[in-house]
Undergrad: 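Shown below is the structure under consideration.
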Amino acid sequence: MGLDLRDPLSPAPAYSRTITIMAETCDFAAFERKWQRAWEEAKAFEASEDPSKPKFYLLEMYPYPSGRIHMGHVRNYSIGDVIARQKIMAGFDVLHPIGWDALGMPAENAAIKHGTHPRDWTLGNVAHMRTQLKRMGISYDWSREVNTCLPEYYKWNQWIFLRLLERGLAFRKDSWVNWCSPCRTVLANEQVVGGGCWRCETPVIQKKMEQWFLKITDYADELLTGHAALAKWPEHVLQMQKNWIGRSEGAHVHFPLEGASRTIEVFTTRLDTICGATFLVVSAEHPVVAELIAGPRENELRPWVERTVAEMRRRRDVGETEKDGRDTGRKAVNPFTGELVPIWIANYVLMDYGTGAIMGVPAHDARDFEFAKTYGIAIRTVIAPPGAPGPFDGEPTEVFEDPGTLVNSGPFSGLPSAEAMDKMGLHAESKGIGRRSTTFRLRDWGISRQRYWGTPIPVVYCDACGIVGVPDRDLPVELPLDVKLTGEEGSPLERHEGFVRAACPKCGGPARRETDTMDTFVDSSWYFFRYCSPREEALPFRPEAARHWLPVDLYIGGVEHAILHLIYSRFFTKALRDLGLTEVSEPFPHYLAQGMVTKDGSAMSKSKGNIVDPDEILTKYGADTLRLFILFASPPDREFAWSEDGLEGCYRFLLRVWAAVHDNLDLFAGGPDDPAAADPAGPGSRLLRKTHQTIRKVTEDISVRFHLNTAISSVMELCNMIKKERDPLRETAAGRAALRHALVSVIRLLSPFTPHLAEELWERAGRTGLLMRSAWPAFDPALAREETATVVVQVNGKLRDKFETAPGTPEAELETAALALPKVQAALGGKVPRKIIAVKDKLVNIVA
RNA sequence: GCCGGUGUGGCGGAACUGGCAGACGCGCUGGACUCAAAAUCCAGUCCGGGGCAACUCGGGUGUGGGUUCGAUUCCCUCCACCGGCACCA
């Protein structure tokens with residue numbers, strides 16, 4: 001070989017080879033466009049819903065149309081494309097859709113800044129990004145494209161909302177909510193990350209507002225138990241969701257208030273420690289506080305309570321603060337011991353978890369211990385550590401939080417913790433003083449947003465009828481386009497008279513329209529259903545279409561949505577199931593969490609200034625090189641480090657493939673590739689075997705392990721062998737057949753990764769019809785089988801020699817052969833083997 | 001603090017079920033081609049020692065231990081980094 005590999009982006013040189021073949025310039029730019037057009041004309045990627053084929057629904061997270069695609073998108077969509085294309089060739093009916101998560105604040109902020117309309121800004125971005133994705137050659141079924149900012153999409157957000165409203169799963173609540181000042185809107189708990197806004201990182205403050213919520217907590221238990229069906233999710237994502245849902249088993253117990261008819265209810269996960277409850281603490285925000293402080297000390301306590309409440313609201317979500325409390329002077333009865341215990345108000349008890357009140361068991365809870373030490377409250381041991389001698393009547397000097405054996409607990413003394421919790425729960429239930437129960441950390445999903453560019457919440461407020469849902473026939477409630485976006489406080493919709501003023505659908509009287517819009521995570525919670533029947537006009541999606549396609553067979557996307565989108569979507573799917581629209585309970589049984597794209601050690605970001613723009617790379621190298629590199633440099637679920645040198649290496653590899661095919665172009669003149677013409681025992685046998693081993697490896701790496709990087713390296717290995725063995729092989733007919741078969745296999749195996757180059761070489765090798773329409777290569781296990789096995793010989797575990805043998809040679813023969821090796825004898829140095837371990841086709845280890 | 005993940009050459013990474021550590025690529029070194037450079041091609045490249053040499057000896061997968069004939073792989077300890085949760089009773 002010795003082909004001239006010119007820079008394909010320089011003008012085509014009139015260059016001829018002196019050997020046998022005309023060198024054609026490898027013009028990526030030209031043939032990438034050519035094949036993109038050919039696929040489009042052939043509708044090669046439109047899902048057929050052909051019942052004779054097995055279906056495969058492959059989904060990648062749809063992008064927010066921010067303006068341009070970034071490397072994270074390139075990676076996500078390149079990974080998906082390899083799998084989609086391989087599945088298509090393997091005979092599946094593949095649904096591989098794309099759309100736009102097109103509502104949201106950036107559009108509105110851009111509009112305020114640049115005086116454009118969010119709609120124009122968004123649609124402009126969509127148009128640009130669509131051409132970028134097409135330039136990447138991703139195998140999307142563009143006929144199913146959805147765009148959430150169009151009324152034809154968000155109409156169905158409203159429809160679903162109304163169904164949830166009818167079932168009480170959407171409700172209005174006046175509560176403290178997370179407020180982000182720069183974004184001028186409320187945020188859901190999931191959207192507060194480390195105390196700050198998930199978008200702009202500004203610390204959120206608490207505001208009391210009446211808001212719309214979706215009752216995700218109704219599904220808390222199922223969201224957790226559903227994990228059993230998610231065996232193909234990464235462990236850490238399940239763990240994150242588990243933490244987020246925060247299920248705790250325990251008991252609710254009533255402590256009667258002394259001198260009153262009411263009780264204070266607490267939640268505990270350690271009912272076994274209740275006899276050690278020497279005080280009660282209520283959150284400073286607890287409604288009972290007003291009653292507790294009423295009386296002579298009110299003037300003393302009220303200012304402290306007010307200060308503490310203000311402090312707690314400001315500090316919410318920012319870690320531990322010093323414990324501070326006040327004794328109310330009031331007492332409650334411990335229902336298990338009958339003792340009177342003091343009631344304290346403190347800053348360390350959260351109002352929105354459990355009941356907002358706890359029993360203080362200082363001997364067995366570190367926080368209560370700290371509090372009791374500070375304020376001199378009695379501490380009593382009720383759980384003995386295993387094997388501890390006792391007695392347990394004095395005050396302990398440290399906390400013991402593990403389970404143990406009950407002491408000082410009346411009739412329950414002597415029981416182990418687990419058993420005591422059961423018995424004491426039953427006791428509480430029979431006496432009517434409490435019940436065993438489960439509590440969750442998960443909160444209902446606040447979906448109201450005080451911004452313009454979102455789905456209008458379809459309700460009106462009528463003085464006579466109250467909250468009234470907009471009737472289905474009046475959907476969509478369209479977002480008015482004639483609004484003034486000024487960036488002032490309050491929703492622009494509030495100031496839009498024509499929008500706000502409405503007639504009550506019930507009584508016809510004057511009514512006011514809801515001006516909040518929906519969280520955009522509502523849109524993405526069901527978009528994968530819409531893809532199944534994207535132009536459906538009677539329902540959000542056709543149930544039969546959903547039945548055909550759902551669940552999504554493989555979902556690919558970044559892990560940053562582990563407890564946002566991925567938990568909301570699971571909730572929506574269950575809610576839609578309960579509405580009778582689908583039968584699936586889990587939308588994504590298989591989730592592949594793609595790793596981050598980094599450069600110089602940190603994630604690509606504007607603030608770090610380490611962004612590489614895919615457009616630049618596409619212009620310089622083309623789509624195939626970019627795709628290949630981003631898939632080759634690391635496995636999909638790991639971090640990916642950008643490197644221009646590595647990219648260059650992939651580019652060179654593709655030129656070598658181009659050269660290898662052109663250098664042997666004469667072999668393809670004789671008709672189709674026929675592996676039978678290659679002789680498994682003849683001159684091309686090594687290459688033939690390597691070819692079939694490579695087909696096997698690439699097939700498995702793509703479809704079983706998703707190790708796309710090793711799939712690519714195995715094709716590289718095959719290319720290296722082709723190059724090395726080319727000249728002698730061309731001497732014989734069998735050799736030429738093996739060479740041709742290997743080259744054709746390289747083209748076909750590369751097609752999911754570098755589809756344009758593969759199509760181009762397929763055509764140049766004389767094949768007719770699209771490579772995409774041809775079948776995925778099958779491997780012949782007989783041809784892939786090694787004809788010899790290498791047996792390594794160790795002496796005392798150290799490698800000393802190796803030899804070749806026929807596969808399946810019995811262990812006894814291997815032992816004899818190994819002992820006969822001179823190097824082995826030398827290593828033994830006359831010592832007599834004590835033991836010999838032989839493993840068929842693998843090794844002999846001689847222990848002396 | 002609790003939970004989860006990761007740790008392998010100069011770099012990205014490979015080794016699938018406990019059996020040849022470092023595939024493939026980058027980078028680097030030397031050579032060919034060239035007036036020269038680039039590109040391309042060929043050869044080498046875990047570390048250390050010995051040999052003119054085909055070679056040979058020793059060490060080596062974050063640390064320390066364990067199980068095993070044999071450990072990157074299984075178990076325990078510790079360390080580092082990344083991520084989640086965090087006064088959740």
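Letters go in sequence order (proteins before strands), and every chain restarts at 1. Owing to the predicted nature of the structure, the values given are computational and were not obtained by experimental measurement. The figures here come from the full heavy-atom set of this structure, side chains too, leaving out hydrogens, waters and symmetry mates.
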Undergrad: If the threshold is 4.0 Å, N to carboxylate O, is there a salt bridge linking E786(A) and K690(A)?
TA: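 Result for this pair is no, no salt bridge flagged.
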Undergrad: Please report the interatomic distance OG(S437(A)) to NE2(H252(A)), rounded to the nearest 0.5 Å.
TA: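 Result: 4.5 Å between the selected atoms.
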Undergrad: Who does G27(B) pair with, Watson-Crick or G-U, both distances under 3.5 Å?
TA: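 Per the H-bond distance test, U45(B).
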Undergrad: Over all strands shown, is A633(A) touching base, sugar-phosphate only, or nothing at heavy-atom distances under 4.0 angstrom?
TA: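 Counting heavy atoms under 4.0 Å across all strands, the contact made by A633(A) is with sugar-phosphate only.
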Undergrad: Using a cut-off of 4.0 Å on non-hydrogen atoms, how would the nucleic acid contact of K802(A) be classed: base, sugar-phosphate, or nothing?
TA: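 The residue K802(A) makes base contact.
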Undergrad: Any side-chain donor-acceptor pair under 3.5 Å between E190(A) and W244(A)?
TA: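 Side-chain D/A pair, E190(A) to W244(A): present.
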Undergrad: What's the gap between C69(B) and C82(B) when it is taken at their C1' atoms, as a whole Å value?
TA: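 Their C1' atoms lie roughly 38 Å apart.
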Undergrad: At under 4.0 Å between heavy atoms, what does R638(A) touch on the DNA or RNA strands: base, sugar-phosphate, or nothing?
TA: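 If one applies the 4.0 Å heavy-atom cut-off, R638(A) turns out to touch the sugar-phosphate alone, with no base involved.
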Undergrad: Using a heavy-atom cut-off of under 4.0 Å over every strand shown, decide if P635(A) touches base, sugar-phosphate, or nothing.
TA: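 Contact class for P635(A): sugar-phosphate only.
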Undergrad: Given the P atoms of C85(B) and G10(B), what is the spacing between them in whole Å?
TA: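 C85(B) and G10(B) have their P atoms separated by 37 Å.
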Undergrad: With C1' as the reference atom in both, quote the distance from U45(B) to A23(B) in angstrom, rounded to an integer.
TA: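 So the two C1' atoms sit 15 Å from each other.
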Undergrad: With syn defined as a glycosidic angle within 90° of 0 and anti as everything else, classify G9(B).
TA: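 Classified syn.
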Undergrad: Given the P atoms of A53(B) and G19(B), what is the spacing between them in whole Å?
TA: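 Going atom to atom, P in each nucleotide, I get 36 Å.
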Undergrad: Given the P atoms of U61(B) and A71(B), what is the spacing between them in whole Å?
TA: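 U61(B) and A71(B) have their P atoms separated by 11 Å.
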Undergrad: Categorize D645(A) for me: base, sugar-phosphate, or nothing, with a 4.0 angstrom heavy-atom threshold over every strand shown.
TA: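 Since only primed, P, OP1 and OP2 atoms lie under 4.0 Å of D645(A), the category is sugar-phosphate.
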Undergrad: For C78(B) versus G30(B), give the span between their P atoms, rounded off to a whole number of Å.
TA: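 One P to the other, the span is 49 Å.
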Undergrad: Determine, for K842(A) against E811(A), whether the closest basic-nitrogen to carboxylate-oxygen distance falls under 4.0 angstrom.
TA: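 Here K842(A) does not pair with E811(A) in a salt bridge, since their nearest N and O are not under 4.0 Å apart.
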Undergrad: Atom CZ of F440(A) to atom C1' of C85(B): distance rounded to whole Å?
TA: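 The distance from CZ of F440(A) to C1' of C85(B) comes to 17 Å, rounded to the nearest Å.
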Undergrad: Contact class for V349(A) vs. all strands (heavy atom < 4.0 Å): base, sugar-phosphate, or nothing?
TA: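 If one applies the 4.0 Å heavy-atom cut-off, V349(A) turns out to touch a base.
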Undergrad: May I ask you to decide whether R686(A) forms a salt bridge with E725(A), counting only side-chain N to carboxylate O separations under 4.0 Å?
TA: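 Between E725(A) and R686(A) there is a salt bridge, with a charged N closer than 4.0 Å to a carboxylate O.
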Undergrad: For G59(B), take OP1 and OP2 only and decide whether either is under 4.0 Å from a side-chain N or O of K798(A).
TA: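 Answer is yes, contact under 4.0 Å.
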Undergrad: Can you tell me the base-pairing partner of G70(B)? Count Watson-Crick or G-U wobble geometry only, both distances below 3.5 Å, and say none if there is no partner.
TA: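 Pairing partner, where one exists within any strand: none, as none qualifies.
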Undergrad: Looking at R652(A), does any N or O in its side chain come under 4.0 Å of the phosphate oxygens OP1/OP2 on U40(B)?
TA: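 Yes, R652(A) has a side-chain N/O under 4.0 Å of OP1/OP2 on U40(B).
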Undergrad: Base, sugar-phosphate alone, or nothing: which one does R800(A) contact when heavy atoms must sit under 4.0 Å apart?
TA: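 Sugar-phosphate, backbone atoms only, no base.
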Undergrad: Counting only heavy atoms from other residues, nucleotides and ligands, does the tally under 6.0 Å from CD of E398(A) exceed 12?
TA: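 12 or below, so no.
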Undergrad: Hey, does S634(A) reach any base, or is it just sugar-phosphate, or nothing, if we go heavy atoms under 4.0 Å?
TA: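 It contacts sugar-phosphate atoms only.
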Undergrad: Can a side chain N or O of S714(A) be found less than 4.0 Å away from OP1 or OP2 on C24(B)?
TA: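 S714(A) to C24(B) OP1/OP2: no side-chain N or O under 4.0 Å.
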Undergrad: Is any side-chain nitrogen or oxygen of R705(A) closer than 4.0 Å to OP1 or OP2 of A14(B)?
TA: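 R705(A) to A14(B) OP1/OP2: no side-chain N or O under 4.0 Å.
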Undergrad: Both G649(A) and V792(A) contact RNA chain B. Taking the nearest nucleotide for each, which residue is further toward the 5' end?
TA: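 Its nearest nucleotide lies further toward 5', so the answer is V792(A).
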Undergrad: With RNA chain B as reference, determine whether E648(A) or N796(A) sits nearer its 5' end, using the nearest nucleotide of each.
TA: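 Residue closer to the 5' terminus by nearest nucleotide: E648(A).
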Undergrad: Rounding to an integer number of angstrom, what distance separates G18(B) and G13(B) when you compare their P atoms?
TA: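 Between the two P atoms, the distance is 24 Å.
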Undergrad: Could you work out which one of C85(B), G19(B), C42(B) sits closest to the side chain of Q794(A)?
TA: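 My answer, after comparing the listed nucleotides, is G19(B).
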Undergrad: Do any side-chain nitrogens or oxygens of K835(A) fall under 4.0 Å of OP1 or OP2 in C69(B)?
TA: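 Checking C69(B) against K835(A), a side-chain N or O does come within under 4.0 Å of OP1 or OP2.
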Undergrad: Students often get this wrong, so: under 4.0 angstrom with heavy atoms, is G354(A) touching a base, only sugar-phosphate, or nothing?
TA: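 Result for G354(A) = nothing.
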Undergrad: Tell me whether the side-chain N/O atoms of N720(A) come closer than 4.0 Å to OP1 or OP2 in G25(B).
TA: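 For N720(A), the contact criterion (side-chain N or O under 4.0 Å from OP1 or OP2 of G25(B)) is met.
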Undergrad: Can you find a heavy atom in the side chain of E644(A) that is under 4.5 Å from one in the side chain of Y621(A)?
TA: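 Yes, close enough: below the 4.5 Å cut-off.
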Undergrad: Please work out if I563(A) contacts a base, only the sugar-phosphate, or nothing of the nucleic acid, heavy-atom cut-off 4.0 Å.
TA: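 Result for I563(A) = sugar-phosphate.
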Undergrad: For atom C1', what is the distance between C2(B) and C75(B), given to the nearest Å?
TA: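 Rounded to whole Å, the distance is 23 Å.
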Undergrad: Could you check whether the side chain of N243(A) and the base of C85(B) have a donor-acceptor pair of N or O atoms closer than 3.5 Å, going by distance alone?
TA: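 Not at all, since no donor on one side and acceptor on the other fall under 3.5 Å apart.
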